[in-house]
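Letters go in sequence order (proteins before strands), and every chain restarts at 1.
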Amino acid sequence: MSEEPKSLNFIEHIIEEDLKAGLSKDKLRFRFPPEPNGYLHIGHTKAIGISFGLGEKYNAPVNLRFDDTNPAKEEQEYVDAIKRDIAWMGYEWANELYSSDYFQTLFDWTIQLIKDGKAYVDSQSSEAMATQKGTPTEPGVDGPYRNRTVDENLELFLSMKAGKFDEGKHILRAKIDMQHPNMLMRDPIMYRVLKKEHHRTKANWCIYPMYDWTHGESDYIEQISHSLCSLEFKPHRELYDWFKEHVYQYASNELPMQPKQREFARLNLSYTIMSKRKLLQLVQNGVVSGWDDPRMPTISGLRRRGYTPKSIRQFIDKVGVAKRENVIDVSLLEFCIREDLNYSAPRVMAVLDPVKLIITNYPDGKEEWLEAENNQEDDSAGFRKVPFSKALYIERDDFKEEASSNFFRLKLGGQVRLKNAYIIKGETVVKDSNGNITEIHCTYSTDTEQKVKGTLHWVSIKHAIKVEVREYDRLFRDEAPDSHPETDFMEFLNPNSLKIIEAFVEPSLAEAKVGERFQFQRLGYFNVDDDSTEDLLVFNKTVGLRDSWAKQKPKPQQQQNTPQAQQQQKRPAIDEIKKLGKKYANLPEDKQQKTKTVILKLAEDVSYDEVQDLFNTSVKKTGTRIATVLMLSVLLKNGQERNTEIEEFLASAKADSNTTLVVEANAVG
RNA sequence: UGGCCUAUGGUGUAACUGGUAACACGUUGGUUUUUGGUACCAAAGAGUCUAGGUUCGAGACCUAGUGGGCCAACCA
């Protein structure tokens with residue numbers, strides 16, 4: 001089987017070029033560097049997929065390195081959860097490492113930097129330092145302690161390490177350039193005093209290195225070839241390189257490889273939030289049951305919801321890697337899980353919203369065990385038996401007393417197939433005093449060869465198992481809940497994101513184990529939740545089946561073409577015309593006429609100044625010039641006075657080689 | 001009043017050293033079907049933000065403009 005040569009993303013291009021330029025393939029090494037301060041979410045799976053994916057592609061080691069330099073926020077619980085999630089995704093790390101393992105090396109290098117006059121101790125308040133630092137648009141100024149002697153710096157720093165100072169009294173800064181246009185280069189902090197116990201180094205240290213100092217040097221120590229991170233770290237690269245190049249002077253013999261940081265755009269998913277801080281808020285406020293609530297975009301939440309590792313990896317693969325901001329539609333994630341489960345999930349029958357169906361010509365006490373195919377997509381899946389009897393449940397939705405011919409389900413006088421069983425015909429209904437249907441009566445026929453349009457799923461009431469089904473909707477009603485500066489994301493919470501249903505399933509599910517996934521036929525994919533007990537099975541709805549019937553139902557009132565309409569309204573008329581004009585010359589004649597009418601109409605909203613800008617459009621851009629002539633005709637008609645600019649433009653248009661342009665220009669006169 | 005990144009169908013990603021846009025999701029039809037699922041077939045949908053330039057030729061290169069993003073935590 002020949003694989004299609006898949007096109008490379010920009011990171012793979014960089015690696016290929018490095019390889020071509022002489023980098024030995026066995027020097028390739030990657031890393032995934034989470035901070036253990038929260039659970040991994042779907043956004044992280046992109047970063048994981050990129051670095052571990054590269055490792056698989058080039059057969060290179062990938063380290064799992066915990067970036068644990070802030071004892072105030074980090075916990076062992078998160079370390080464990082992160083390892084569990086990455087392993088579940090099916091990735092294997094070469095080494096489990098911690099930045100805290102490098103604290104001593106980092107410290108030693110720091111002493112050298114101080115001796116070389118590249119770092120100094122500052123003893124001001126954080127406010128004073130912030131003021132001196134300037135803003136993105138204004139340069140900073142040097143602080144009063146910037147020119148301490150090497151000896152003084154050394155002594156102070158050693159005292160910091162020895163615990164002689166309280167938090168906040170002194171910090172160590174790199175000495176770079178307070179006027180630098182990149183704020184990160186304005187003497188960034190390297191160490192702060194933190195008298196906190198670290199989850200690994202315990203009380204060994206009371207000074208802790210900052211991210212920029214630690215992260216790059218950790219890459220360097222591990223001899224990472226390509227250090228991949230998300231876009232917001234782009235400005236850090238300059239500092240990353242600064243530290244790296246200085247340390248390289250001390251260690252190039254033992255550590256010859258200088259890592260290369262490259263940045264990609266992080267993943268955003270519509271209708272979900274991707275900030276660890278905000279996800280923590282949902283957990284702490286009890287909005288969800290925990291980090292692994294099936295509505296959470298965390299890996300553990302998706303796992304509990306029934307997503308497979310394969311589907312998530314597939315998703316990440318389809319999403320691609322680039323540098324522009326993006327919002328992925330959740331429908332792509334849903335596609336990936338359906339695609340996977342379609343091949344692997346056994347089919348069963350379950351009724352979520354039951355109504356009783358009595359087969360009047362079926363003998364009272366009789367029951368039959370009929371054969372049912374477990375998965376028509378998988379020949380090895382085999383068959384099982386399902387019980388059939390006189391009284392069944394079917395979905396309330398699957399019956400209407402009367403309906404048009406495009407309703408393929410059961411109606412009075414109509415025939416329909418019961419999946420894996422017989423063909424039935426709707427006869428009468430029984431209603432309660434409110435007019436609600438309580439029973440449907442029908443007759444059955446054993447001639448299953450007949451062609452009928454609809455097939456329904458069902459369960460035998462006598463044999464069915466009562467279970468709990470949890471149906472989920474999106475957690476937020478807004479497409480981008482955390483992108484509104486005015487409104488807190490919590491305002492967009494969907495109050496109906498969880499629906500608990502009492503449902504009935506076929507008896508073969510009695511043995512279902514936690515985590516097992518099924519297709520409830522005609523409904524969707526479900527898995528057995530951790531909350532299941534001996535007495536009650538609990539199912540999560542992972543995702544519904546595609547439903548082209550549901551799509552037909554919404555009344556034609558709801559026009560959903562709003563995005564385009566909005567775009568056109570927002571766009572200034574002049575821009576719209578430019579765009580139309582650009583392709584004008586290449587259009588067939590009938591389309592040209594239509595476009596012309598549109599341009600003439602839009603031109604009513606265009607000012608002379610806007611048109612004037614286009615007078616010196618280059619000669620070869622005929623379409624734009626035709627549009628300009630058309631706009632001009634409207635302006636002149638509306639009272640614009642002729643001036644020399646206009647005359648010159650028209651003259652040049654009349655002299656053009658393009659006949660359409662000449663015709664339009666002559667029409668203006 | 002600065003620096004950096006970015007701009008391709010509705011969405012996401014492609015287009016090897018420049019040779020006139022491809023794939024996936026979604027959408028819409030159709031065929032098959034004991035799941036209104038799956039599978040299969042087909043269609044619509046962008047001419048690559050705008051302008052200028054280099055070139056025989058630009059989505060790609062250069063310049064400017066515009067839109068979007070990031071940068072002022074003793075967080076990572």
Side-chain angles (χ1 to χ4, degrees), chain A residues 4 6-9 13 33-35 37 67-70 72-74 126 129-131 133-140 167-168 170-171 180-184 186 189 191-194 208 210-212 214-215 231-238 263 265 270 276 318-329 331-336 338-339 342-343 347 349 372-373 376-377 406-409 417-421 423 448 452-457 519-524 545-552 560-561 563-564 567 574-575 578-579 582-583 586 613-614 616-618 621 624:
Chain A
E4 292 265 318
K6 221 191 140 196
S7 56
L8 305 179
N9 65 46
H13 277 297
E35 184 190 12
N37 69 342
D67 241 331
D68 56 347
T69 59
N70 186 1
K73 289 187 180 172
E74 296 151 7
S126 57
M129 285 191 282
T131 317
K133 202 165 185 176
T135 69
T137 54
E138 298 159 33
E167 293 183 12
H170 305 278
I171 49 105
H180 203 285
N182 181 350
M183 290 203 68
L184 287 156
R186 321 238 257 233
I189 296 175
Y191 279 94
R192 76 284 210 191
V193 174
L194 240 34
Y208 289 93
M210 300 285 290
Y211 165 82
D212 286 295
T214 314
H215 185 88
L231 234 40
E232 68 263 34
F233 291 97
K234 176 70 223 281
H236 293 251
R237 186 151 112 197
E238 203 170 9
E263 310 81 12
S270 61
K276 276 198 244 178
K318 285 189 183 301
V319 154
V321 182
K323 288 211 267 193
R324 54 175 176 173
E325 294 290 325
N326 58 79
V327 182
I328 313 294
D329 199 303
S331 66
L332 184 61
L333 221 205
E334 293 180 344
F335 167 81
C336 293
R338 284 194 193 109
E339 187 184 42
N342 176 47
Y343 288 103
R347 320 276 124 141
M349 292 196 287
E373 192 172 13
Q376 39 278 86
E377 305 297 328
N406 64 357
F407 182 79
F408 304 159
R409 283 111 105 134
R417 183 187 305 278
L418 291 177
K419 178 84 186 169
N420 306 316
I423 295 202
T448 55
V452 293
K453 190 72 182 161
T455 301
L456 307 187
H457 61 274
Q519 186 195 96
F520 289 0
Q521 280 188 117
R522 302 211 303 134
L523 297 174
L545 257 27
R546 281 187 66 206
D547 188 351
S548 49
W549 168 240
K551 272 187 247 169
Q552 289 177 28
Q560 42 170 259
N561 244 358
Q564 267 204 340
Q567 239 181 14
I574 183 73
D575 288 353
K578 278 184 195 167
K579 191 162 188 177
K582 201 166 171 180
K583 50 182 171 178
N586 305 327
D613 288 342
L614 296 176
N616 45 17
T617 298
S618 73
K621 307 211 168 175
T624 305

Footprint string (nucleotides 66-76 of chain B, 5' to 3'): B base within contact, S backbone only, - free, heavy atoms under 4.0 Å: ---S-BB-BSB
Take atom [atom1] of [X] and atom [atom2] of [N], then tell me their distance rounded to the nearest Å.
X: A:N326; N: B:G10; atom1: CG; atom2: P; value: 17 Å
X: A:R186; N: B:G3; atom1: CZ; atom2: P; value: 12 Å
X: A:N342; N: B:U38; atom1: CG; atom2: P; value: 7 Å
X: A:Q521; N: B:G37; atom1: CD; atom2: C1'; value: 9 Å
X: A:L418; N: B:U34; atom1: CG; atom2: P; value: 15 Å
X: A:D547; N: B:U28; atom1: CG; atom2: P; value: 12 Å
X: A:L333; N: B:U13; atom1: CG; atom2: C1'; value: 16 Å
X: A:E339; N: B:G26; atom1: CD; atom2: P; value: 10 Å

Give [X] one of three labels, base, sugar-phosphate or nothing, depending on what nucleic acid heavy atoms sit under 4.0 Å from its own.
X: A:R546; result: sugar-phosphate
X: A:L545; result: base
X: A:R347; result: base
X: A:E238; result: nothing

In whole Å, measure the gap between the [atom1] atoms of [N] and [M] for me.
N: B:C23; M: B:U55; atom1: C1'; result: 30 Å
N: B:C16; M: B:U11; atom1: P; result: 23 Å
N: B:U66; M: B:G52; atom1: C1'; result: 14 Å
N: B:G37; M: B:G29; atom1: P; result: 12 Å
N: B:U63; M: B:G45; atom1: P; result: 36 Å
N: B:A76; M: B:C62; atom1: C1'; result: 38 Å
N: B:G12; M: B:U27; atom1: C1'; result: 16 Å
N: B:U31; M: B:A22; atom1: P; result: 28 Å

Residue A:F407, side-chain heavy atoms: nucleotide from B:G36, B:U6, B:G2 that is nearest: B:G36
Residue A:T455, side-chain atoms from C-beta onward, closest of B:G2, B:G37, B:G36: B:G36
Does any non-hydrogen side-chain atom of [Y] lie less than 4.5 Å from one of [X]?
X: A:E35; Y: A:T69; value: no
X: A:R409; Y: A:L456; value: yes
X: A:L523; Y: A:H457; value: yes
X: A:D329; Y: A:E334; value: no

Please tabulate, one pair per line, each protein N/O and nucleotide N/O from nucleotides 19-25 of chain B that are separated by under 3.5 Å, including the distance.
none

Return the [atom1] to [atom2] distance between [X] and [Y], rounded to the nearest 0.5 Å.
X: A:Y191; Y: A:T214; atom1: OH; atom2: OG1; answer: 7.0 Å
X: A:S331; Y: A:R546; atom1: OG; atom2: CZ; answer: 10.0 Å
X: A:I189; Y: A:M210; atom1: CD1; atom2: CE; answer: 5.5 Å
X: A:R347; Y: A:Q519; atom1: CZ; atom2: CD; answer: 4.0 Å

For nucleotides 14-17 of chain B, give me every protein contact, N/O to N/O, under 3.5 Å, one pair per line with atom names.
from	atom 1	to	atom 2	distance (Å)
B:A14	OP1	A:V321	O	2.8
B:A14	O2'	A:S7	OG	2.9
B:A15	OP1	A:H13	NE2	3.4

Any donor-acceptor N/O pair under 3.5 Å between B:G37 base and A:Q376 side chain: no
Donor-acceptor pair under 3.5 Å, A:Q519 side chain vs B:U35 base: yes
side-chain N/O A:S270 vs B:U11 OP1/OP2, d < 4.0 Å: no
Secondary structure string for RNA chain B (Watson-Crick or G-U under 3.5 angstrom, | for other-strand pairs): .((((((..((((.....[..)))).(((((.......))))).....(((((..]....))))))))))).....
Sequence-distant partners of A:E167, salt bridge (charged side-chain N to carboxylate O under 4.0 Å, His left out), two or more places apart: A:K196
Pairing residues for A:E263 by the salt bridge (charged side-chain N to carboxylate O under 4.0 Å, His left out) criterion, not counting sequence neighbours: A:R237
side-chain contact (heavy atoms from CB on, under 4.5 Å) partner of A:K318, the single match among A:L332, A:L333, A:I328: A:L332
First encountered from the 5' end of RNA chain B, between A:F408 and A:Y343: A:F408
Residue pair A:K419, A:R522: steps toward the side chain to side chain contact (heavy atoms under 4.5 Å, CB included) verdict: CA-CA 10 Å; A:K419 178 84 186 169; A:R522 302 211 303 134; over 6 Å; no
Taking all heavy atoms of [X] and all of [Y], pick out the closest pair and write down the distance.
X: A:E325; Y: A:A265; value: N-CB, 4.4 Å
X: A:L184; Y: A:D212; value: CD2-OD2, 4.2 Å
X: A:T448; Y: A:R417; value: O-NH1, 2.9 Å

N-glycosidic conformation, B:G47 - syn within 90 degrees of 0, else anti: syn
Mutual orientation of the aromatic rings belonging to A:H236 and A:Y211 [parallel < 30°, tilted 30-60°, perpendicular > 60°]: perpendicular
